[in-house]
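One structure is given here, and the rest of the page talks about it.
For clarity, every value in this text was computed on a predicted model and none was experimentally measured.
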Amino acid sequence: MIIDNDTQRDVMRVAHLMADAARPLILRYFRNPEIQTMNKPGHASGFDPVTEADRGAETVMRAILATERPDDGIIGEEHGNQSGSTGITWVLDPIDGTRGFISGTPTWGVLIAASTVEGPQFGIIDQPYIGERFVGGFDAAALDGPHGTLPFVTRQTTDLSQAIVMSTFPEVGTPQERAAFHAVADQAKLTRYGTDCYAYGLLALGQIDLVIEAGLQAYDIHAPIAVVQASGGVVTDWSGGPAHTSSRIIAASNPEIHAAALAVLQANCDD
């Protein structure tokens with residue numbers, strides 16, 4: 001699907017409207033000891049938190065879409081899916097990293113993506129507390145924040161032994177997926193955990209080389225895919241195929257480090 005220039009501009013406008021609306025709502029609850037946290041049933045760890053900030057932010061974003069682009073589809077973490085007729089689907093995660101949010105760490109983010117059947121076309125990773133917004137797609141590729149606008153420039157590390165790797169959880173999915181991830185991490189120079197969506201922004205900004213995760217949903221990854229690809233990075237699943245339909249993601253700063261890490265993953269994960 002080809003998105004014309006006028007539609008691109010409108011999609012970007014609406015995406016920023018949603019991010020702007022979510023910021024103040026979410027910040028009312030951040031580091032607030034009275035925030036109400038619920039546990040979604042069915043998660044493998046036994047604890048999958050959701051807060052009134054998650055649900056309220058998605059409600060606000062959906063209200064904007066209902067007014068500004070009512071014919072688009074929606075995939076949302078908290079309030080389900082809605083079909084559309086335009087070929088554009090908004091993929092929303094109001095707080096990616098709710099565990100970090102309720103812990104007071106500032107590495108969670110608001111994820112907003114505009115996708116087609118071909119995958120994410122435009123994405124925002126917004127960190128309201130820091131005031132940073134990573135934007136990628138439709139010729140946009142930059143971080144806007146309190147220190148001004150910084151262009152994306154990915155690292156050009158090609159040697160896995162010099163790479164910096166990030167992932168949200170040390171467990172990284174199933175035992176086999178965990179073993180495959182750690183086979184890469186064991187060869188890398190540095191591995192860090194717990195950064196949720198913020199890691200993808202750091203990759204686009206040229207701070208790290210790899211983000212490797214498993215067990216993801218569409219709303220976890222569509223916006224980060226758009227941001228990383230806009231920076232010149234590479235995002236695939238663990239077989240090297242399209243990432244937007246997979247739960248296993250490898251994002252890399254350049255094709256060479258992607259190939260090196262992917263080979264290790266595939267050698268250690270058969271299924």
* Give the C-alpha distance, both sets of side-chain angles, the deciding distance and a yes or no for side chain to side chain contact (heavy atoms under 4.5 Å, CB included) between Leu65 and Met18. => CA-CA 8 Å; Leu65 287 175; Met18 287 192 284; 3.7 Å; yes
* Asked: How long is the span from the CH2 atom in Trp108 to the CZ atom in Phe30, to the nearest 0.5 Å?
  -> 5.5 Å
* To do: Check whether Phe122 and Ile225 end up in the same hydrophobic cluster, where Ile, Leu, Val, Met, Phe, Trp and Tyr are linked by side-chain heavy atoms less than 4.5 Å apart.
  => no
* Asked: Has the side chain of Ser231 got a donor or acceptor atom that lies under 3.5 Å from a matching backbone atom of Val228?
  -> yes
* Short question: side chain of Glu78, backbone of Asp54 - any donor-acceptor pair under 3.5 Å? -> no
* To do: Enter the distance from Ile95:CD1 to Asp196:CG here, rounded to the nearest 0.5 Å.
  => 11.0 Å
* How long is the gap from OG1 on Thr89 to NE2 on His222, to the nearest 0.5 Å? -> 9.0 Å
* Structure fact -> What one should report as the nearest heavy-atom pair of Val117 and His244 is O-NE2, 3.6 Å
* Asked: Strictly by modelled atom types, are Asp72 and Trp90 linked by a side-chain donor-acceptor pair under 3.5 Å?
  -> yes
Side-chain polar contacts of residues 128-139 - donor-acceptor pairs under 3.5 angstrom, sequence neighbours left out - could you list them?
unit_1	atom_1	unit_2	atom_2	d
Tyr129	OH	Arg31	NH1	2.8
Glu132	OE1	Tyr198	OH	2.6
Arg133	NE	Asp126	OD1	2.7
Arg133	NH1	His16	ND1	3.1
Arg133	NH1	Asp20	OD1	3.0
Arg133	NH2	Asp20	OD1	2.9
Arg133	NH2	Asp126	OD1	3.4

* Asked: Would a hydrophobic clustering, with Ile, Leu, Val, Met, Phe, Trp and Tyr connected at side-chain separations under 4.5 Å, put Val184 with Ile257?
  -> yes
* Say whether, by atom type as modelled, one donor and one acceptor occur between the side chain of Glu77 and the main chain of Pro94 under 3.5 angstrom. => no
* If every non-hydrogen atom of Ala251 is compared with every non-hydrogen atom of Val235, which pair is closest and at what distance? -> CB-CG2, 4.1 Å
* Under the 3.5 angstrom rule, does the side chain of Gln121 hit a backbone N or O of Gly119 as a donor-acceptor pair? -> yes
* To do: State, with a plain yes or no, whether a side-chain heavy atom of Thr98 is found less than 4.5 Å away from one of Thr51.
  => yes
* Expected output: side-chain Asp220 to main-chain Gln217 donor-acceptor under 3.5 Å -> yes
* Asked: Linking I/L/V/M/F/W/Y whenever their side-chain heavy atoms sit closer than 4.5 Å, directly or via other members, would Val91 and Ile64 fall into one cluster?
  -> no
* Looking at CG of Leu265 and CZ of Arg248, how far apart are the two atoms once the value is rounded to the nearest 0.5 Å? -> 9.0 Å
* Min side-chain heavy-atom separation Leu190-Arg192 under 4.5 Å -> yes
For residues 161-170, please give each side-chain donor-acceptor pair under 3.5 Å, one per line with the distance, not counting sequence neighbours.
unit_1	atom_1	unit_2	atom_2	d
Ser161	OG	Asp159	OD1	2.9
Ser161	OG	Asp159	OD2	3.1
Ser167	OG	Ile212	O	2.7
Thr168	OG1	Glu213	OE2	2.5

* **Verdict with supporting geometry, Thr157 and Asn254, side chain to side chain donor-acceptor pair (under 3.5 Å)** => CA-CA 8 Å; Thr157 305; Asn254 62 72; 5.8 Å; no
* Asked: Can you get from Ile102 to Leu27 by hopping between Ile, Leu, Val, Met, Phe, Trp and Tyr side chains that sit under 4.5 Å apart?
  -> yes
* Taking it one step at a time, do Thr174 and Gln176 satisfy side chain to side chain donor-acceptor pair (under 3.5 Å)? -> CA-CA 5 Å; Thr174 67; Gln176 187 179 35; 5.4 Å; no
* To do: Kindly indicate whether the side chain of Val110, heavy atoms from C-beta on, has any atom under 4.5 Å from the side chain of Arg23.
  => no
* **Pair His258, Thr236: side-chain N/O donor-acceptor within cut-off below 3.5 Å** => yes
* If only atom types and distance count, is the side chain of Ser103 paired as donor or acceptor with the main-chain N or O of Thr105 below 3.5 Å? -> no
* Structure fact -> Ile125 and Gly201 have their tightest heavy-atom pair at CD1-N, 4.1 Å
* Structure fact -> Between the CZ atom in Arg9 and the CD1 atom in Ile3, the distance rounded to the nearest 0.5 Å is 13.0 Å
* After noting the C-alpha distance and the side-chain angles of Asp71 and Thr86, does the key distance pass the side chain to side chain donor-acceptor pair (under 3.5 Å) rule? -> CA-CA 6 Å; Asp71 296 325; Thr86 64; over 6 Å; no
* **Arg13 CZ: over 12 foreign heavy atoms closer than 6.0 Å** => yes
* How close do Ala243 and Ile249 get, heavy atom to heavy atom, and via which atoms? -> O-CD1, 3.4 Å
* To do: Using the side chain to side chain contact (heavy atoms under 4.5 Å, CB included) rule, take Leu150 and Leu205 through it: C-alpha gap first, then chi angles, then the decisive distance, then the call.
  => CA-CA 8 Å; Leu150 299 176; Leu205 201 59; 4.1 Å; yes
* To do: Could you give me the CA-CA distance, side-chain angles and deciding distance for Arg28 and Leu25, then say whether side chain to side chain contact (heavy atoms under 4.5 Å, CB included) is met?
  => CA-CA 6 Å; Arg28 290 204 302 268; Leu25 187 152; 3.9 Å; yes
* Structure fact -> When every non-hydrogen atom of Ala223 is compared with those of Leu111, the smallest separation belongs to CB-CB, 4.0 Å
* When you look at Asp10 and Thr7, which way does the side chain to side chain donor-acceptor pair (under 3.5 Å) test go after all the steps? -> CA-CA 5 Å; Asp10 194 54; Thr7 303; over 6 Å; no
* **Minimum heavy-atom distance between Pro120 and Ser115, given as atom pair plus value** => CA-OG, 3.3 Å
* Is there a side chain to side chain contact (heavy atoms under 4.5 Å, CB included) between Val227 and Phe152 once you walk through the steps? -> CA-CA 9 Å; Val227 167; Phe152 292 157; 3.9 Å; yes
* Would you say Asn268's side chain and Val264's backbone share a donor-acceptor pair under 3.5 angstrom? -> yes
* To do: Identify whether Leu92 and Ile88 are in the same connected component of the hydrophobic contact network (ILVMFWY, side-chain heavy atoms under 4.5 Å).
  => yes
* How far does OG of Ser239 sit from CD1 of Ile250, to the nearest 0.5 angstrom? -> 11.0 Å
* **Donor-acceptor contact below 3.5 Å, side chain Glu171 vs main chain Arg178** => no
